[in-house]
*Asks:* 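Attaching a single structure in structure tokens format; questions to follow.
Order of the sequence lines fixes the chain letters, A, B, ..., with proteins taken first and strands second; residue numbering starts at 1 for each chain.
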Number of protein chains: 4
Amino acid sequence: MARGGGARGTADRGERILRAALEVMAERGYAAATVRDITDRAGVAAGTFYLYYPAKEAVGLALVDALYRAALAAAASARRGAPSPEEKLMRSMRAVLAVFARDPALSRFVLLLAPGAHPAFDERLREVHEALCTLVRDDVAEILGGRGDGRSADLASQAVVGAVGEVVTSWVRQGAPAGGLDDAAEVLSRLFGRGLGGLVP
Amino acid sequence: MARGGGARGTADRGERILRAALEVMAERGYAAATVRDITDRAGVAAGTFYLYYPAKEAVGLALVDALYRAALAAAASARRGAPSPEEKLMRSMRAVLAVFARDPALSRFVLLLAPGAHPAFDERLREVHEALCTLVRDDVAEILGGRGDGRSADLASQAVVGAVGEVVTSWVRQGAPAGGLDDAAEVLSRLFGRGLGGLVP
Amino acid sequence: MARGGGARGTADRGERILRAALEVMAERGYAAATVRDITDRAGVAAGTFYLYYPAKEAVGLALVDALYRAALAAAASARRGAPSPEEKLMRSMRAVLAVFARDPALSRFVLLLAPGAHPAFDERLREVHEALCTLVRDDVAEILGGRGDGRSADLASQAVVGAVGEVVTSWVRQGAPAGGLDDAAEVLSRLFGRGLGGLVP
Amino acid sequence: MARGGGARGTADRGERILRAALEVMAERGYAAATVRDITDRAGVAAGTFYLYYPAKEAVGLALVDALYRAALAAAASARRGAPSPEEKLMRSMRAVLAVFARDPALSRFVLLLAPGAHPAFDERLREVHEALCTLVRDDVAEILGGRGDGRSADLASQAVVGAVGEVVTSWVRQGAPAGGLDDAAEVLSRLFGRGLGGLVP
DNA sequence: CATGAATGAGGTTTCATTCAT
DNA sequence: AATGAATGAAACCTCATTCAT
């Protein structure tokens, strides 16, 4: 009767449902994934879904959150102790890319399938993009010193975030070939490391 | 009632429906926009919709196409006669940004609301991103000369496309403040112009 | 400018529409045949249909009528001058079968596809079946002399009408093989000729 | 609301829906009977219909099947142990007529309203008519001994099936007067018993 | 007479969600 | 906590019919 033990399949129904939702939604997209599909895949009854999530949209949101929280945490942790802003930026990108690379299905759902699927997702996506931009902006501003204007720093940080996102998106679209994101951090770092220098006179 | 020739509002029902669809979908998103909403806004009967579009999905696709065809055409036209690959890239970005800036609602729908809303949209989006990346990749490869490897060029072109997309997305999310994209091309050009140099030893 | 002349295709639009309706309805059934299908097949505009028929149901009714009027007329004409009631019955069956055999598509529609397709058809079908039964009943009563009761004559005439109908139906279902109804009249005549004798003590 | 066990009206919703469908379809015909009509009559919610039948067409088919399966089973059972082919034929007709007589509304739907209402019905009707003809044909062939040719036996069996069908149809059209089919088997038996003798030389 | 664009009522079906057991 | 039968709102789309040209 030890907690967490018991019959096989009991291993946290909430977790099972979340995983099932990821699988189904990554395959079919959010709208086409029915709650029934998800509970069937999870091996639970339809009503059980609502014991763990208040609505269908909530699982989608949980998936988006899971990925982005991991990405933000990884970035925040990776930059600690970096000697220079350039290094901070590079480590952040590397960390974020690693998080995306770890779970292609989740990345596929979050980057490709979730965006226009539900108003609540858009809101969350906006928040996350803003948070990421803010993170990056600090480094960019530091790199530029006092020399660049705020607008340039804004645009540059959006560029970084967008670039990383598109690289992951392309990788996911190609079916997430193995090892396909390992070199991306390096290239992007050099690209932006050098490029940001171009923004100061 | 076929109100005949010159009456107000006769300006091509197909066009009116497209505009109405853009308005409604940009407000509510694709899924929440009902055909009825669209035809009400357009001032036509429900069935009239299907005289111009075979299905709801078709208007969404038409909107996506409209924006992306314009962007691709503008880019292709802008780069003609540019003296250098750097210049080609810069003019392309400027042209594409101008197209997005011209119609914030359309940009909002295409960049924010359409992805993930329907499988057909995803397919189209993939095609367009590929086309844009190809366009950019030519310039990037030329800038790099024979020195950069193919993978770097791929990643760099994805970075450019993603950066432009994110800049527009951010602008749209802020409510598309007037003149907000005019300076972006300049900054991005300098950023990537200098940055690409960093990819060669 | 002679009447009936003019451009090819003018040959009575009403007739063309009727023929087109027969083709389409015999292929797809009444419900699945749209007015648009019919006018397309007839080579006229959608609205033209309503210049010749007040409603879709009217063409179906016209088709049912066409076949049954021909059958009734043929039967009535065939029995004139027959020397005996047996002969009258036989000639009537032969005549009716010949009418059905002449136009398999029409028979297919009237016997197979029309029955449950529209309430108005049912009413018409009822009338026709009654008329045919009445016709047959006269002969049956005459054959039976005063000996059979009315109920027997009713049932026998229904049997004859039903038998003829089922024979045609089976033939139509088999794809209306050539010459497949020529021998039916002979067999049915012998069957009922002898059989009716069994109804009197 | 899942009212649980013993409440009035719980008698298997599937059964209630089938009965309601029969009532509504026998009144209005298949096309005019809406799923909403049926569920209203059955006292269940609209969506409940689809818990028991995959589509509207399926209830119609279930009704057709119910009647014809009963008829075929009754005929097959009735003929067992009959001393002569004439007797087999007579008992079969009597059994089939009894089945139709038992449920006038169902007979009305199956014989009058279902044919032509949906392609799937036609297919089923064809199968059943074939099965009945085959049944009858065995007896007819036996009665004819080796003397009649195959074509005659085919036609005769079609005649029997058509006759029975038309008798029931007429009865249904007259509003299914009580006891109106009891004597029919007797008359038809004598008619065909004697008549089949006329097919051999 | 002919046209065909426009109409709009209406039906089938899906599916997120509830709740009695 | 878990179940799953039942709910019922809602949306897409079709198509018979009209009528201005």
Side-chain angles (χ1 to χ4, degrees), chain A residues 10 13-14 17 31-40 42-59, chain B residues 1-5 7 10 12-14 17 31-40 42-58, chain C residues 10 13-14 17 31-40 42-59, chain D residues 1-5 7 10 12-14 17 31-40 42-58:
Chain A
T10 305
R13 278 177 157 79
I17 291 170
T34 70
V35 171
R36 183 63 192 268
D37 287 337
I38 295 169
T39 54
D40 280 355
V44 300
T48 304
F49 180 90
Y50 293 89
L51 256 26
Y52 294 90
Y53 297 94
K56 182 188 168 189
E57 104 190 44
V59 241
Chain B
M1 279 205 188
R3 203 96 59 69
T10 304
D12 252 298
R13 279 175 158 80
I17 291 170
T34 73
V35 172
R36 186 55 188 270
D37 289 336
I38 295 169
T39 54
D40 281 354
V44 299
T48 305
F49 179 90
Y50 294 91
L51 254 27
Y52 294 91
Y53 298 94
K56 183 188 166 189
E57 132 196 15
Chain C
T10 305
R13 277 178 158 80
I17 290 170
T34 69
V35 171
R36 184 61 192 270
D37 288 336
I38 295 168
T39 54
D40 280 355
V44 301
T48 304
F49 179 91
Y50 292 89
L51 257 25
Y52 294 90
Y53 297 94
K56 183 188 168 189
E57 102 189 46
V59 241
Chain D
M1 278 200 189
R3 203 96 59 71
T10 304
D12 251 296
R13 279 176 159 78
I17 290 170
T34 72
V35 171
R36 187 56 188 271
D37 288 337
I38 295 169
T39 54
D40 280 355
V44 299
T48 305
F49 179 91
Y50 293 90
L51 252 28
Y52 294 92
Y53 298 94
K56 183 188 166 190
E57 132 194 15

*Asks:* How long is the line joining CD1 of A/Ile17 and P of F/dG4, in whole Å?
*Replies:*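 For the pair A/Ile17 CD1 and F/dG4 P, the rounded distance is 13 Å.
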
*Asks:* Would C/Ile17 and C/Phe49 satisfy side chain to side chain contact (heavy atoms under 4.5 Å, CB included), going step by step from the backbone distance to the final call?
*Replies:* CA-CA 7 Å; C/Ile17 290 170; C/Phe49 179 91; 3.8 Å; yes

*Asks:* Here's a test of your reading of the structure: between A/Thr34 and B/Ala45, which maps to the more 5' nucleotide of DNA chain E?
*Replies:* B/Ala45

*Asks:* Now, which nucleotide makes the Watson-Crick or G-U wobble pair with F/dC13, with each of the two distances under 3.5 Å?
*Replies:*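 Because both required distances fall under 3.5 Å, F/dC13 counts as paired with E/dG10.
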
*Asks:* If the cut-off is 4.0 Å, is D/Arg13 near the phosphate of F/dT7, judged by side-chain N/O to OP1 or OP2?
*Replies:* yes

*Asks:* Whole-Å distance between E/dT21 C1' and A/Leu51 CG?
*Replies:*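 One finds 14 Å between C1' of E/dT21 and CG of A/Leu51, rounded.
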
*Asks:* At 4.0 Å (heavy atoms only), tell me whether C/Ala32 reaches a base, stays on the sugar-phosphate, or touches nothing.
*Replies:*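 The residue C/Ala32 makes no contact with any strand.
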
*Asks:* Would you classify D/Tyr52 as touching base, sugar-phosphate or nothing, given that sugar-phosphate means primed atoms plus P, OP1 and OP2, and contacts are heavy atoms under 4.0 Å?
*Replies:* sugar-phosphate

*Asks:* At what distance, to the nearest 0.5 angstrom, does OG1 of A/Thr34 lie from CZ of A/Arg36?
*Replies:* 8.0 Å

*Asks:* Starting from the 5' end of DNA chain F, give me the residue, D/Phe49 or B/Gly47, whose nearest nucleotide shows up first.
*Replies:* D/Phe49

*Asks:* Distance check needed: E/dG4 P versus C/Ile38 CD1, whole Å only.
*Replies:*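 Interatomic distance, CD1 of C/Ile38 to P of E/dG4: 17 Å.
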
*Asks:* Check every strand shown and say whether C/Thr48 touches a base, only sugar-phosphate, or nothing at a heavy-atom separation below 4.0 Å.
*Replies:* base

*Asks:* Would one find a side-chain N or O of C/Arg36 under 4.0 angstrom from OP1 or OP2 of F/dA16?
*Replies:*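 No, no such contact exists.
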
*Asks:* For F/dT21, which nucleotide in any strand shown is its Watson-Crick or wobble partner with both distances under 3.5 Å?
*Replies:*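 Pairing partner, where one exists within any strand: E/dA2.
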
*Asks:* To the nearest angstrom, how far is C/Glu57 atom CD from F/dC15 atom C1'?
*Replies:*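 Whole-Å distance recorded here is 15 Å.
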
*Asks:* Which atom pair, heavy atoms only, marks the closest approach of B/Ala55 to B/Tyr50?
*Replies:* CA-CE2, 4.0 Å

*Asks:* Please figure out whether C/Lys56 or D/Gly43 has its closest DNA chain F nucleotide nearer the 5' end.
*Replies:*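 First, find each residue's nearest nucleotide; the 5'-ward one identifies D/Gly43.
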
*Asks:* Side chain of A/Ala55 only, heavy atoms from C-beta on: which candidate in E/dT13, E/dT17, F/dT17 is closest?
*Replies:*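 Out of E/dT13, E/dT17, F/dT17, the nucleotide with an atom closest to A/Ala55's side chain is E/dT17.
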
*Asks:* Roughly how many Å is it from OH in B/Tyr53 to P in E/dA6, rounded to a whole number?
*Replies:*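 My rounded result for the distance is 13 Å.
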
*Asks:* Output the rounded distance in Å from OH (D/Tyr50) to P (E/dA16).
*Replies:*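 To the nearest whole Å, that distance equals 17 Å.
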
